[in-house]
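Single-structure report; data block below.
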Amino acid sequence: MAQISLTFPDGNAREYDAGITPAAVAEGISKSLGKKAISATVNGEHWDLAWPIEANASIAIHTMADEDQANELVRHDLAHIMARAVQEIWPDTKVTIGPVIKDGWYYDFDRVEPFTPEDLGAIEKKMREIINKRDPVRTEVWDRDVAIKYYEERGEPYKVELIEGIPGDEPLRMYWHGEWQDLCRGPHLQHTGQVPGDAFKLMSIAGAYWRGDSDRAMLQRIYGVAFTGKEKLRAHLNMLEEAAKRDHRKLGREMDLFHMQEEAPGQIFWHPNGWTIYTELQDYMRRKQRSGGYVEVNTPQLVNRKLWEESGHWDKYQENMFIVEVDEDHAREKAVNALKPMNCPCHVQIFNQGLKSYRDLPLRMAEFGSCARYEPSGALHGIMRVRGFTQDDGHIFCREDQIEEETAVYIDYLTSVYKDLGFESFRVKFSDRPEQRAGSDDIWDKAEAALLAATRAAGIEPEMNPGEGAFYGPKLEFVLTDAIGRDWQCGTHQVDFVLPERLDATYIGADGGKHRPVMLHRACLGSFERFIGILIEEHAGKLPFWIAPRQVVVASITSEADDYVAEVVADLKAAGVRAEADMRNEKINYKVREHSVGKVPVILAVGGREVEERTVSVRRLGQKQTSVQNLDEVVSELGVEATPPDLR
RNA sequence: GCUGCUGUAGCUCAGAGGUAGAGCACUCCCUUGGUAAGGGAGAGGUCGAGAGUUCGAUUCUCUCCAGCAGCACCA
């Protein structure tokens, strides 16, 4: 038998017979490791203990102490155990796929009867029975024809389709958990009893399209979470509960920021508090844009269909546009307009007024552009995905060779904005050429290289999103996450070769001839609405002082202090602080509670002593202790804090 | 848009085939209280909209609207 050499993490190598399994390797090292081993990493690949190793390789044996591998195995085995449980309870259910995801797994089923929330309990119970049986997990490699026939006979069409989609040279692994069988890449644990029975929970049922294709069957997906121990599960569930408290929809109500109602789905009624955040943020962005070399413009909301036809939106985006037809007695003729879903075509109209010289480039044009998009009803989400929103939009008209420099400048700009707003880190995704695209490969090469180079120069290694670019050019997406970890694209930076062409934007080059500018679409916040939603969740409502809508409440302890309260409020306002008086006939406990719930950053309590000494008792949100300070001192301190970071 | 769930007072929720309840919030009264809910009284709802079944519907059925979770979408 041929010999192979396996290299261990400590650098030592040992000789084995070819075809040895990691289980035997572990057993050979020590009896206890043989018992504790759950899987291995072989040449960087997560490897089942039962898979043979045929050639020289590096190897690391894993135990339950290796969190990453253990979680993957536990979650993956649970996916199978859940599918088995479901088929044992409802044998007519067809199985599809069940991958591991962050914190758990899901499995998609095809069953005529929908699952109910009560079913989850029954499935969990059955899963624990399976775990308690300690059924062995076994794997075999099959020929495709045999496997296809096997699944056809069992009436599992989805599995047949999956196999047909697997490249012919890849081995088909068939797994058994006891008598129950599934097609699976593996690896898995050795028996069902290795899965902790008290560290998982089925979370929810939802619809999901087969293969993610909305033209195909709607399956039923069951989500579960799982960990290696029950404390970790408890911590996770606890985290979710805490995260729910940070939901911007809940805080929006509690802080009286905004509301939404049936008559205007996907649109926001901003209340005074919320609008203060909005305008404070807008003022800040306007200053940043000015110092960033942008010129600010404003363009029409309602634009005739002709322009949208020229821009291509009428063809490609019509379903998402609010179309407005005027056909009334007072109108001479019927006009078809659309509320703008984007600002870009309008910005090109401004660019196109008069002749532009190469000396004008790069031309950075910005607009707080209000857009309306008819988003699918199921996509709406609080103020983060709406139908009426305002982008901090901007378009940079430049030459091809300026893309990299402009991208670098933009990343720097965005980074400073995010930092000022409390986001020290954010994720960047890079989407390159899709299959359907405009422009030559040569231009794409250059544009992609420019974006990547600028991003890397900024010290950012983007996540790759292959083939996800716009048809008109590659893009960078700047992603922030909400309270429960969902991704939201906020900032964006996209190269566009197409729109300048369609709308015939030109500039006169140094050579005296006409040239086509490149357009960079960019938004830093993305939209005020989404960004404020993220901002609220990121800070759990405890916004940085300068942007907090209600900054200070001055609360009287007894009515004797009322005059002094008014004086303190006046002083604070004069220092540029948003201050209000609370002289209601209520106890200080009550006032403190109410304004704490309302997330007011600073409460100044004043009673007889403070009136006497011209001091205030300062209480910061989230802190129990208070400090008595001189009034003038506090006013100047808070005046500084109320100053936006770019003006300090 | 798709699958499932939900819609009762400003908010959080209970309720039942015979036309509705709690706590908080709100208004008034008492209370002047020292850092997360002092006490009392009062007011407040075509039970999301429309249709059907029924002697009678907010409750059952259907359609629509909106929201929630996920999927799809997010040039």
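Legend: residues meeting side chain to side chain donor-acceptor pair (under 3.5 Å) with R387(A), ordered by chain and number and at least two apart, are absent.
Proximity of R249(A) to the phosphate of C68(B): a side-chain N or O atom is located under 4.0 Å from OP1 or OP2. Within the structure, every side-chain polar atom (N or O) of R221(A) is placed at least 4.0 Å from both OP1 and OP2 of G4(B). Taking only side-chain nitrogens and oxygens, R211(A) never comes nearer than 4.0 Å to OP1 or OP2 of A72(B). Look at S377(A) and you'll find a side-chain N or O under 4.0 angstrom from OP1 or OP2 of G1(B). For the pair R620(A) and U35(B), the criterion of a side-chain N or O lying under 4.0 Å from OP1 or OP2 is not met. Of the side-chain N and O atoms in R216(A), none sit less than 4.0 angstrom from OP1 or OP2 of C2(B).
At a threshold of 4.0 angstrom between heavy atoms, the contacts of Y472(A) are confined to the sugar-phosphate backbone, with no base atom among them. Using a 4.0 Å heavy-atom cutoff across all strands shown, K250(A) reaches no nucleic acid atom at all. G378(A) comes within 4.0 angstrom of a base, heavy atoms only. Residue A379(A) is classed as a base contact, given a heavy-atom separation below 4.0 Å to a base. Heavy atoms of G312(A) sit nowhere under 4.0 angstrom from any nucleic acid atom. Within the 4.0 angstrom heavy-atom criterion, no nucleotide atom of any strand lies near K591(A). In this structure, V597(A) reaches the bases: a heavy-atom distance under 4.0 Å links it to at least one base atom across the strands shown. Residue-level contact check: S214(A) touches the backbone only, with heavy atoms under 4.0 Å from sugar-phosphate atoms and none from bases. At a threshold of 4.0 angstrom between heavy atoms, the contacts of E477(A) with the nucleic acid are absent. Among the heavy atoms of the strands, none lies under 4.0 Å from M260(A). Using a 4.0 Å heavy-atom distance criterion, H381(A) is classed as a sugar-phosphate-only contact. When heavy atoms are screened at a 4.0 angstrom cut-off, R111(A) is found touching no nucleic acid atom at all. G382(A) comes within 4.0 angstrom of sugar-phosphate atoms only, judged by non-hydrogen atoms across all strands, and of no base. At a threshold of 4.0 angstrom between heavy atoms, the contacts of L380(A) are confined to the sugar-phosphate backbone, with no base atom among them.
Stacking of R75(A) on the aromatic ring of F227(A) is recorded, both the 6.0 Å distance cut-off and the 45° axial limit being met. Relative to the ring axis of Y209(A), R216(A) does not place its NZ or CZ within 45° and under 6.0 Å from the centre.
Distances were taken from every side-chain heavy atom of Y374(A) (C-beta onward) to each of A36(B), G1(B), G33(B); the shortest belongs to G1(B). Taking only side-chain atoms of R385(A), from C-beta outward, the nucleotide of A37(B), G7(B), C74(B) with the closest atom is C74(B). Picking from U35(B), A37(B), A66(B) the nucleotide with the shortest atom distance to the side chain of E262(A) gives A66(B). Ranking G4(B), A36(B), U32(B) by closeness to the S559(A) side chain, first place goes to U32(B). Taking the side chain of I588(A) as heavy atoms from C-beta on, and the options A72(B), U35(B), A37(B), the nearest nucleotide is U35(B). Checked against G4(B), U32(B), C2(B), the side chain of M218(A) finds its nearest nucleotide in C2(B). Set against A72(B), C71(B), G34(B), the side chain of P376(A) has A72(B) as its closest nucleotide. Side-chain proximity of R253(A) to A36(B), C74(B), U12(B): nearest is U12(B). Comparing U35(B), G33(B), G70(B) by their nearest atom to the side chain of I484(A) picks out G70(B). Looking at the side chain of N589(A), the nearest of the listed nucleotides A36(B), G33(B), U32(B) is A36(B).
Protein atom OH of Y223(A) is 7 Å distant from nucleotide atom P of G70(B), rounded to whole Å. The CH2 atom of W488(A) sits 15 Å away from the P atom of C73(B) (whole-angstrom rounding). Rounded to a whole Å, the CG atom of L120(A) is 11 Å from the C1' atom of G4(B). For the pair F109(A) CZ and G4(B) P, the interatomic distance rounds to 17 Å; values are reported in whole Å. Across the protein-nucleic acid pair, N320(A) atom CG and C74(B) atom P stand 8 Å apart, rounded to whole Å. Following rounding to the nearest Å, D393(A) (CG) and C74(B) (P) show an atom-to-atom distance of 18 Å. Counting to the nearest Å, the C1' atom of C65(B) and the CD atom of E263(A) are 10 Å from each other. Rounded to an integer number of Å, the gap from CD of E375(A) to P of C74(B) is 10 Å.
Crowding of E612(A) atom CD: a count of heavy atoms from other residues, nucleotides or ligands under 6.0 Å not exceeding 12.
Side-chain contact between V606(A) and R614(A) is absent, with no heavy atoms from C-beta onward closer than 4.5 Å.
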Produce the list of close N/O pairs, under 3.5 Å, pairing protein atoms with atoms of nucleotides 25-29 of chain B; give distances to one decimal.
from, atom 1, to, atom 2, distance (Å)
A25(B), OP1, Y590(A), OH, 3.2

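C65(B) and U46(B): their P atoms are spaced 24 Å apart (whole Å). When the C1' atom is compared between U54(B) and U59(B), the two are found 13 Å apart, to the nearest whole Å. The same atom, C1', is picked in G48(B) and in G7(B); the two are 6 Å apart, to the nearest Å.
Map Y209(A) and R609(A) each onto its nearest nucleotide of RNA chain B; the residue landing nearer the 5' end is Y209(A). Between Q220(A) and G608(A), the residue whose closest nucleotide on RNA chain B is further toward the 5' end is Q220(A).
For R246(A) and D482(A), the salt-bridge test fails: no basic side-chain N is under 4.0 Å from an acidic carboxylate O. A salt bridge links R427(A) to D487(A): at least one charged side-chain nitrogen sits closer than 4.0 Å to a carboxylate oxygen. Contact check on K340(A) versus E367(A) returns a salt bridge, with a Lys/Arg side-chain nitrogen under 4.0 Å from an Asp/Glu carboxylate oxygen. For the pair E537(A) and K250(A), the salt-bridge criterion is not met [side-chain N within less than 4.0 Å of a carboxylate O].
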* Let me see the working for H236(A) and F200(A) under ring-ring contact (aromatic ring centres under 6.0 Å, His included), right down to the final yes or no. => CA-CA 10 Å; H236(A) 177 77; F200(A) 76 89; over 10 Å; no
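For an aromatic pair to be called close, the ring centres must be under 6.0 Å apart, and F423(A) with F478(A) fails this. Aromatic pair F115(A)/W90(A): ring centres closer than 6.0 Å. Ring to ring, Y410(A) and H493(A) are close: their centroids are under 6.0 angstrom apart.
What you find for V565(A) and A555(A) is that their closest heavy atoms are CG2-C, 4.4 Å.
The base of G34(B) sits within donor-acceptor range of the side chain of E610(A), with an N or O pair under 3.5 Å.
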* Pair assignment for RNA chain B - dot-bracket with | for other-strand partners, Watson-Crick or G-U under 3.5 Å -> (((((((..((((....[..)))).(((((.......))))).....(((((..]....))))))))))))....
